[in-house]
2 protein chains.
Amino acid sequence: MTEHAHHQHNHNHCVKTAMENAALLCEEKGVRLTDTRKRVLELIWQGHEAVKAYDLIQQFSDGGTKPPTVYRALDFLLEQGLIHRIDSLNAFIGCPHPDHHDECGLQVLVCDECHLVEELHTHDAVSTIADAASATGFKVVRPVVEVHGLCEKCQA
Amino acid sequence: MTEHAHHQHNHNHCVKTAMENAALLCEEKGVRLTDTRKRVLELIWQGHEAVKAYDLIQQFSDGGTKPPTVYRALDFLLEQGLIHRIDSLNAFIGCPHPDHHDECGLQVLVCDECHLVEELHTHDAVSTIADAASATGFKVVRPVVEVHGLCEKCQA
DNA sequence: AATGGTTATGTTATATTATAACGCTTGTGT
DNA sequence: ACACAAGCGTTATAATATAACATAACCATT
Ligand SMILES: [Zn+2]
Ligand SMILES: [Zn+2]
Ligand SMILES: [Zn+2]
Ligand SMILES: [Zn+2]
């Protein structure tokens, strides 16, 4: 079931769902989705492209929001699993299903042209790697797969 | 065949081999392994832990070596495949076999304690992921796997 | 060995990404 | 109301990386 995030779609729906899920998840966990945090999450969900921290900072309409404020919100959202950090881009992306990462780690397809990010959940691949890792005596904690390439649109 | 990089071993041998391979590879490719580049490569090979760019800069004995010099050398070494950048650490590691990355991308085990980095070459895993990626219409260019966890030593 | 083009390096400044430290405010439970 | 913890504002600075331009080293050809 691909979520065709890269195709034409009603993105309002993505945002709405994400924000509702986030509210629920925070409720359940007993953590506070404050205004700042909510606003940062909304800004990250402006699309399915990875967003840079300083772009977020600039997009705060008040103009007076400083890096620590935004980075603290980002840290919170990362902790709750509501967003992912794409290390190869120094950028952040909203997670459409914060509850699906226990088994397969983080797996993303990253378009080098437009920075669109799509998640995979290929359980096989990560278990294969985990096995190979264990065989060398390594204790796996957090598997991350970042596949760079070109999304469908950018292959023109 | 694990290369037990994390076990006790004669590291001088690692360095010697790496430098010889680098010289050969550059010879073959008709590119110049200049003094600066050689020195940076040696510094990176001071161990099997990932090394930060600014640590390299400081380790230049002359004291007058500036960031651009080192970053240019790093760029060169990356282009030739002689080192890898570990995105999740903003750090660099020597590649023991620059010719083995066509098929399986970059796959590394990263110890969160000591930053020891060991490469994997699990062809299966990356082909599984590549298949999943292709199925969504994504054109894979550069698969990267960074598995965080604890190396054998640090599991104490 | 001079010439001229290319590649590599030096140098200064600056861009980008992220955190430390400290004090004030807001929320929460008693 | 009070006390404590969590969140946020503010200033400064750390850490990572690149732009731009000048000089030097290399190399092929004359
Ligand atoms: Zn959408
Ligand atoms: Zn996710
Ligand atoms: Zn070694
Ligand atoms: Zn390698």
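Every chain is numbered from 1 and lettered A, B, ... according to where its sequence line falls, protein lines coming before strand lines.
B/H9 and B/H11 share a side-chain donor-acceptor pair at under 3.5 Å.
Set against C/dT17, D/dT18, D/dT10, the side chain of A/K52 has C/dT17 as its closest nucleotide. Closest approach to the A/P68 side chain among D/dC8, D/dT11, D/dT18 is made by D/dT11 (side chain taken as heavy atoms from C-beta onward). Distances were taken from every side-chain heavy atom of B/P67 (C-beta onward) to each of C/dG10, C/dT12, D/dT18; the shortest belongs to D/dT18.
Within the structure, side-chain hydrogen bond (donor to acceptor under 3.5 Å, both in side chains) pairs that include any residue of residues 70-81 of chain A comprise A/K29-A/Q80 (at least two apart or interchain). Residue pairs satisfying the side-chain hydrogen bond (donor to acceptor under 3.5 Å, both in side chains) criterion with at least one member in residues 32-41 of chain A, sequence neighbours excluded, are absent. Identified under the ring-ring contact (aromatic ring centres under 6.0 Å, His included) test for residues 132-156 of chain A, with sequence neighbours left out: none.
Atom-to-atom, NZ of A/K66 to P of D/dG9 comes out at 10 Å; the value is rounded to the nearest Å. D/dT16 atom C1' lies 13 Å from atom CG of B/L56, rounded to whole Å. Taking atom OH of B/Y54 as the reference point, atom C1' of D/dA14 lies 11 Å away to the nearest angstrom. Atom P of nucleotide C/dT17 and atom CG of B/D87 are separated by 14 Å, given to the nearest angstrom.
In this structure A/E27 satisfies the side chain to side chain contact (heavy atoms under 4.5 Å, CB included) test with no other residue, sequence neighbours excluded. Residues meeting the side chain to side chain donor-acceptor pair (under 3.5 Å) test with B/H84, sequence neighbours left out: B/H101, B/E119.
Phosphate contact (OP1/OP2 of C/dT9, side-chain N/O of B/T69, threshold under 4.0 Å): absent.
Across residues 31-45 of chain B, B/R32, B/T34, B/T36, B/R37 each have a non-hydrogen atom less than 4.0 Å from an atom of DNA chain C (numbered order).
Judged by closest nucleotide on DNA chain C, B/F76 is the one of A/F92 and B/F76 placed further toward the 5' end.
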